[in-house]
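Have a look at the structure below before the remarks.
Remember, it's 1-based here, ligands and their atoms both numbered in the order they're listed.
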Amino acid sequence: MSETPAPPSRGATGARRRYALIGASNRGVASFARPLIGAAGGVDGAHGYGASDDDFSAVGELVAVLDVDRARAEAFVATLVPEGYPPVAVYEPEALEEMLREMRPDAVIVASPDHTHGSYILAALEAGVDVISEKPMVATAAEAATVVAAEAASTATVHVTHNFRYPARHRRIKQMLAEGAIGRPLHVDLAYYVDTRHGASYFLRWNRERAASGGLTIHKSTHHLDLIAWWLGAEPTRVYAVGGRDYYGPRSPHRPAGVGTAAEVRERDPYHRAQLGSGTFPEATGRARTGLFDLPYEVQYPASREMTLYDDEIDIEDHVASLISYAGGATAAYAVQFSAPWEGYRLTITGTHGSIEAFVGRTPEQEQLPGSGELVLRPLFEAPRPIEVPVATGGHDGADPLMRRDLFVGPDEESTAMGLMADARQGALAVATGEAIWRSAQEGRAIEISELLR
Ligand SMILES: NC(=O)c1ccc[n+]([C@@H]2O[C@H](COP(=O)([O-])OP(=O)(O)OC[C@H]3O[C@@H](n4cnc5c(N)ncnc54)[C@H](O)[C@@H]3O)[C@@H](O)[C@H]2O)c1
């Protein structure tokens, strides 16, 4: 590393906890680094990176950023860390141990691509440094098992940012289930739709390769799978799934025929054409792609790396349907597709004494669909009751500010009672369920979660 600023001694800045960000990603910068340095806001939450206006600079200090792309990390420090803030050191992955030794973080925030989380988490645990890991905790069940074992042997802890537990609607459902509103929950039916804008965007980023993301049944579905398990308060045991890749990749029915270069493909690509002028998809500019706050991705997306939705390297599913069994006897039917005309979900949870139903939906242009936000309790022998849910502000339906408070300040009474913060075991179960889905779809057999987490 170069120009390491001398670390302020522990306590020099009051009781603030010292954090190192691993991965100066869109998510890492918008949702963790900026709120920590007290420079949040300015980004539309609809970007999906959870930017909000909260400020945790009184309780935490960002002391280092580690990224494979030094130019990007340095651009973050130069342009987004305010003048007068204590120095934020920049490191590259080879200098991880040096960073832990020199900057003495109390915790690392792991927000790099999914396949890189595992080794960072293990190194931090080995050094006795707490971990806040972005979801998915890791990209494979085998790594997940290793992290759970390493945490058990360490003095440090791992928290996983399963923020999909936090929206008011999802907390209300958890509360209704805990109060016995539908008796004993028997079955969760969750059909999740990712729209043509958001869904396609995964196939133009690192997420499109299994080796980097574990596939979308891990990268994205861990949100949904963790939520179902948390609602049920039960661990998944067995998965059967079918699915495939039918929207994107070389055999896509949408691939423009008879064209060669990436620019020609883009010009006739229906996904691309639907987003023209919105800035959603990268256009060829002759320079490296940039992310939020105009930070360059010289290493991850160099100017020479052209991507289209139909490239050969795309090797993950873009739709699946699955059946999941849970300890205690409940079941779930979970389906997701990544090329839908709208984004959101239809949910029914049935229990021995009634059901809970919810619908959330918006267009790719962020317009709410009629009925969106509806939450209804249907007791078996009584009239249905609409359930009011307060409208929240802040990233991801108000989830991120609450989650940050739990992570940076500590859980309040409600969070503690509900078990809102996801731990390593829960992070591992979500990853294993996601892996069981793609493995089951590939192998045509049911997969035991214990088989994967062994
Ligand atoms: N909880 C949520 O709602 C949510 C939302 C978005 C993203 N995420 C998660 O956040 C993480 C980052 O996703 P993103 O889309 O913001 O990423 P990104 O593509 O914006 O950035 C990835 C960053 O990691 C760096 N990088 C690449 N390889 C690295 C390595 N080996 N070591 C260190 N840095 C490396 C890249 O240079 C880049 O700066 C992922 O784990 C993703 O799943 C979570």
Side-chain angles (χ1 to χ4, degrees), residues 20-34 43 45-52 64-77 90-96 99 108-121 123 131-139 159-167 194 198 201-202 204-209 211-224 226-227 282 288-302 305 307 394-404 407 422 427 430-431 434:
L21 175 65
I22 296 184
S25 54
N26 276 345
R27 174 71 177 170
V29 170
S31 202
F32 298 104
R34 297 199 82 216
V43 178
H47 277 103
Y49 292 103
S52 302
V65 177
L66 180 145
D67 199 293
V68 76
D69 187 339
R70 171 171 282 276
R72 181 171 164 84
E74 284 176 345
F76 158 71
V77 173
V90 170
Y91 289 81
E92 290 170 41
E94 308 71 57
L96 171 69
M99 186 275 278
V108 294
I109 300 169
V110 179
S112 44
D114 308 340
H115 74 290
T116 68
H117 292 187
S119 58
Y120 290 129
I121 296 174
V131 176
I132 295 172
S133 173
E134 255 308 336
K135 56 46 56 184
M137 183 173 80
V138 288
H159 283 108
V160 186
T161 60
H162 278 301
N163 50 341
F164 209 43
R165 297 177 175 194
Y166 280 80
V194 185
H198 186 189
S201 78
Y202 289 115
L204 295 168
R205 297 185 273 146
W206 53 262
N207 316 58
R208 69 198 200 153
E209 288 180 75
S213 69
L216 288 171
T217 65
I218 293 180
H219 175 79
K220 180 68 177 172
S221 297
T222 42
H223 274 306
H224 314 142
D226 171 72
L227 182 64
R289 225 190 260 186
T290 53
L292 294 182
F293 310 107
D294 227 17
L295 296 177
Y297 287 116
E298 309 275 356
V299 174
Q300 195 165 266
Y301 306 123
R305 189 170 182 207
M307 290 183 180
H396 292 123
D397 269 346
D400 287 321
L402 285 179
M403 185 180 70
R404 278 192 286 266
L407 291 169
V431 170

Once the angle between the rings of His219 and Tyr202 is folded into 0 to 90°, is it parallel (under 30°), tilted (30 to 60°) or perpendicular (over 60°)?
->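 If you compare the ring of His219 with that of Tyr202, the planes turn out perpendicular.
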Is [X] near ligand 1, meaning one of its heavy atoms is under 4.0 Å from it?
X      : answer
Ser213 : no
Ile22  : no
Gly291 : no

Just by distance, no angles: are the side chains of Tyr301 and Asp69 close enough, under 3.5 Å, to form a donor-acceptor pair?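 No donor-acceptor contact under 3.5 Å links the two side chains.
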Any [X] side-chain heavy atom under 4.5 Å of [Y] side chain:
X      : Y      : value
Glu134 : Phe32  : yes
Asp67  : Phe76  : no
Leu295 : Val29  : yes
Arg72  : Val299 : no
His198 : Lys220 : yes
Ile218 : Asp114 : no

With atoms numbered from 1 as shown, which atoms in ligand 1 lie under 4.0 angstrom from a non-hydrogen atom of [X]?
X      : result
Asn163 : 1 (N), 2 (C), 3 (O)
Ala111 : 11 (C), 12 (C)
Pro136 : 43 (O)
Asp114 : 40 (C), 41 (O), 42 (C), 43 (O)
His396 : 3 (O)
His117 : 41 (O)
Thr116 : 30 (C), 31 (N)

Nearest non-hydrogen contact with atom 25 (C) of ligand 1 belongs to which option: Ile218, Val160, Leu66, Asp67?
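Of the listed residues, Asp67 has the closest heavy atom.
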Fill in: Option nearest atom 23 (C) of ligand 1 (shortest heavy-atom distance, choices Pro296, Ser31, Ser25)
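Of the listed residues, Ser25 has the closest heavy atom.
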Under 3.5 Å, side chain of Asp226 to main-chain N/O of His162, donor-acceptor pair present?
->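 Flag not set: sc Asp226 to bb His162 has no pair under 3.5 Å.
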Q. Does any N or O in the side chain of Thr161 come within less than 3.5 Å of the main-chain N or O of Lys135, such that one atom is a donor and the other an acceptor?
A.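 Judged by distance alone, yes, a pair lies under 3.5 Å.
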Task: Distance (rounded to the nearest 0.5 Å) between Leu402 CG and Arg165 CZ - done: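 Separation between the atoms: 14.0 Å.
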Looking only at distance, does Lys135 have an N or O less than 3.5 Å from an N or O of ligand 1?
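Among all N and O atoms of Lys135, at least one is under 3.5 Å from an N or O of ligand 1.
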Open item on the list: I want to know if ligand 1 touches Asp69 in the polar sense, i.e. an N/O pair below 3.5 angstrom.
Closed with: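 Between Asp69 and ligand 1 (N or O atoms, distance only) the closest approach is not under 3.5 Å.
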Side chain or backbone of [X] under 4.0 Å from ligand 1, or both, or neither, by non-hydrogen atoms?
X      : value
Glu134 : side chain
Phe164 : neither
Val68  : both
His223 : side chain

